[in-house]
> 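Below is one structure. I have some questions about it.
Since the model is a prediction, treat every value here as computed from it, not as a measurement.
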Amino acid sequence: METKHVILILVMVALFVIPLAILPTAEYGGADGAAEELISETGYEPWFEPIWEPPSGEIESLLFATQAAIGAIIIGYFIGFEKGKRAKKYDAQKLNH
(Lines give C-alpha, C1' and ligand atoms only; values in the text may rest on other atoms or scores of the structure.)
Protein backbone atom coordinates (compact mmCIF):
# COMPACT_ATOMS: atom_id res chain seq x y z
CA MET A 1 0.00 0.00 0.00
CA GLU A 2 1.36 3.35 -1.00
CA THR A 3 1.90 6.20 1.44
CA LYS A 4 -0.78 8.36 -0.16
CA HIS A 5 -3.36 5.62 0.39
CA VAL A 6 -2.43 5.36 4.06
CA ILE A 7 -2.70 9.14 4.43
CA LEU A 8 -6.13 9.15 2.75
CA ILE A 9 -7.35 6.37 5.05
CA LEU A 10 -6.11 8.26 8.12
CA VAL A 11 -7.81 11.48 6.95
CA MET A 12 -11.06 9.58 6.35
CA VAL A 13 -10.94 8.00 9.83
CA ALA A 14 -10.19 11.43 11.33
CA LEU A 15 -13.25 12.89 9.56
CA PHE A 16 -15.41 10.32 11.33
CA VAL A 17 -13.73 10.35 14.74
CA ILE A 18 -13.05 14.08 15.33
CA PRO A 19 -16.72 15.24 15.20
CA LEU A 20 -17.72 12.43 17.56
CA ALA A 21 -14.90 13.33 19.96
CA ILE A 22 -15.64 17.07 19.89
CA LEU A 23 -19.45 16.78 20.24
CA PRO A 24 -20.23 13.36 21.72
CA THR A 25 -23.86 14.22 22.65
CA ALA A 26 -24.78 15.99 19.40
CA GLU A 27 -27.52 14.61 17.18
CA TYR A 28 -26.39 13.83 13.67
CA GLY A 29 -29.08 13.80 11.04
CA GLY A 30 -29.33 13.79 7.29
CA ALA A 31 -30.05 16.61 4.91
CA ASP A 32 -33.40 15.07 3.97
CA GLY A 33 -34.68 15.27 7.54
CA ALA A 34 -33.47 18.85 7.95
CA ALA A 35 -35.06 19.89 4.64
CA GLU A 36 -38.35 18.20 5.56
CA GLU A 37 -38.39 20.03 8.88
CA LEU A 38 -37.73 23.41 7.22
CA ILE A 39 -40.44 22.81 4.61
CA SER A 40 -43.00 21.81 7.24
CA GLU A 41 -42.20 24.99 9.20
CA THR A 42 -43.24 27.10 6.20
CA GLY A 43 -46.75 25.61 6.22
CA TYR A 44 -46.37 24.09 2.78
CA GLU A 45 -49.14 21.71 1.75
CA PRO A 46 -48.58 19.24 -1.09
CA TRP A 47 -50.67 19.67 -4.24
CA PHE A 48 -51.67 16.02 -4.41
CA GLU A 49 -51.29 12.74 -2.58
CA PRO A 50 -48.93 10.04 -3.89
CA ILE A 51 -50.51 7.15 -5.79
CA TRP A 52 -48.78 4.59 -3.59
CA GLU A 53 -46.94 4.87 -0.30
CA PRO A 54 -44.63 2.17 1.03
CA PRO A 55 -46.23 0.31 3.94
CA SER A 56 -43.34 1.11 6.30
CA GLY A 57 -40.18 3.14 6.61
CA GLU A 58 -38.08 0.00 6.20
CA ILE A 59 -39.70 -0.78 2.86
CA GLU A 60 -39.12 2.80 1.78
CA SER A 61 -35.44 2.51 2.78
CA LEU A 62 -35.18 -0.82 0.94
CA LEU A 63 -36.58 0.71 -2.24
CA PHE A 64 -34.24 3.69 -1.93
CA ALA A 65 -31.22 1.43 -1.39
CA THR A 66 -32.24 -0.75 -4.35
CA GLN A 67 -32.56 2.31 -6.55
CA ALA A 68 -29.11 3.52 -5.43
CA ALA A 69 -27.59 0.08 -6.06
CA ILE A 70 -29.05 -0.11 -9.57
CA GLY A 71 -27.73 3.37 -10.32
CA ALA A 72 -24.27 2.42 -9.01
CA ILE A 73 -24.25 -0.73 -11.17
CA ILE A 74 -25.16 1.25 -14.29
CA ILE A 75 -22.52 3.92 -13.62
CA GLY A 76 -19.89 1.27 -12.78
CA TYR A 77 -20.72 -0.65 -15.96
CA PHE A 78 -20.21 2.38 -18.18
CA ILE A 79 -17.00 3.41 -16.40
CA GLY A 80 -15.65 -0.14 -16.80
CA PHE A 81 -16.81 -0.28 -20.41
CA GLU A 82 -15.03 2.97 -21.26
CA LYS A 83 -11.89 1.84 -19.42
CA GLY A 84 -11.93 -1.41 -21.38
CA LYS A 85 -12.33 0.47 -24.67
CA ARG A 86 -9.37 2.70 -23.85
CA ALA A 87 -7.22 -0.27 -22.79
CA LYS A 88 -8.09 -2.09 -26.02
CA LYS A 89 -7.27 1.02 -28.07
CA TYR A 90 -3.98 1.48 -26.16
CA ASP A 91 -3.03 -2.16 -26.77
CA ALA A 92 -3.83 -1.84 -30.49
CA GLN A 93 -1.64 1.28 -30.76
CA LYS A 94 1.14 -0.47 -28.86
CA LEU A 95 1.08 -3.43 -31.28
CA ASN A 96 1.24 -1.13 -34.32
CA HIS A 97 4.44 0.58 -33.12
Side-chain angles (χ1 to χ4, degrees):
M1 189 179 293
E2 294 182 28
T3 305
K4 66 180 179 182
H5 295 139
V6 173
I7 291 171
L8 285 173
I9 290 171
L10 291 174
V11 168
M12 189 176 76
V13 169
L15 286 173
F16 283 104
V17 171
I18 290 173
L20 294 174
I22 293 174
L23 299 169
T25 59
E27 290 186 28
Y28 295 97
D32 290 344
E36 183 179 345
E37 188 175 312
L38 285 174
I39 290 171
S40 65
E41 287 176 3
T42 63
Y44 171 79
E45 291 186 27
W47 296 355
F48 56 90
E49 295 295 321
I51 296 171
W52 178 77
E53 286 191 34
S56 68
E58 290 81 13
I59 300 294
E60 187 176 351
S61 296
L62 173 70
L63 293 173
F64 182 76
T66 303
Q67 177 186 3
I70 290 170
I73 288 170
I74 291 170
I75 290 170
Y77 172 79
F78 282 109
I79 289 173
F81 182 76
E82 289 297 322
K83 185 176 180 182
K85 271 183 24 182
R86 286 186 187 169
K88 188 176 178 180
K89 191 175 183 180
Y90 177 76
D91 289 343
Q93 287 177 349
K94 201 173 183 181
L95 287 175
N96 290 334
H97 291 286

> Looking only at heavy atoms, which two atoms of Ala14 and Pro19 are closest? And how far apart?
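Closest heavy-atom pair between Ala14 and Pro19: O-CD, 4.0 Å.
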> How many angstroms lie between CD in Gln93 and OH in Tyr90, if you round to the nearest 0.5 Å?
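The distance works out to 9.0 Å.
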> When rounded to the nearest 0.5 angstrom, what is the spacing between CG in Leu23 and CD1 in Ile18?
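If we round to the nearest 0.5 Å, Leu23:CG and Ile18:CD1 are 12.0 Å apart.
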> Starting from Leu38, can I reach Tyr44 by hopping between I/L/V/M/F/W/Y residues whose side chains sit under 4.5 Å apart?
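No; Leu38 is not reachable from Tyr44 via cluster members.
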> Please round to the nearest 0.5 Å and tell me the distance separating atom CG of Leu8 and atom CD of Glu2.
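Interatomic distance, Leu8 CG to Glu2 CD, rounded to 0.5 Å: 10.5 Å.
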> Should we count CH2 of Trp47 as having more than 12 external heavy atoms under 6.0 Å?
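No, the 6.0 Å shell around CH2 holds no more than 12 heavy atoms from other groups.
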> Would a single hydrophobic cluster contain both Ile70 and Phe81, if residues Ile, Leu, Val, Met, Phe, Trp and Tyr are joined by side-chain heavy-atom contacts under 4.5 Å?
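Phe81 and Ile70: one cluster.
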> Taking a hydrophobic cluster as the set of Ile, Leu, Val, Met, Phe, Trp and Tyr residues connected by side-chain heavy atoms closer than 4.5 Å, whether directly or through intermediates, do Leu20 and Ile22 fall within one such cluster?
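Both belong to a single hydrophobic cluster.
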> Could you walk me through whether Glu82 and Lys85 pass the side-chain contact (heavy atoms from CB on, under 4.5 Å) check?
CA-CA 5 Å; Glu82 289 297 322; Lys85 271 183 24 182; 3.5 Å; yes
> Tell me if the CG atom of Asp91 is crowded by more than 12 foreign heavy atoms within 6.0 Å.
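Check passes, neighbour count above 12.
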> In terms of hydrophobic clusters joined by side-chain contacts under 4.5 Å, are Met1 and Leu10 together?
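Yes, Met1 and Leu10 fall within the same hydrophobic cluster.
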> Do Ile9 and Val6 sit in one hydrophobic cluster, given that two such residues count as connected whenever their side-chain heavy atoms are within less than 4.5 Å of each other, even indirectly?
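Yes.
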> Answer yes or no: are there more than 12 heavy-atom neighbours, outside Tyr77 itself, under 6.0 Å from its atom OH?
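Count not over threshold, so no.
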> In terms of heavy-atom contacts, does CD of Glu41 have more than 12 from other residues, nucleotides or ligands at under 6.0 Å?
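Atom CD in Glu41 is crowded, with more than 12 foreign heavy atoms closer than 6.0 Å.
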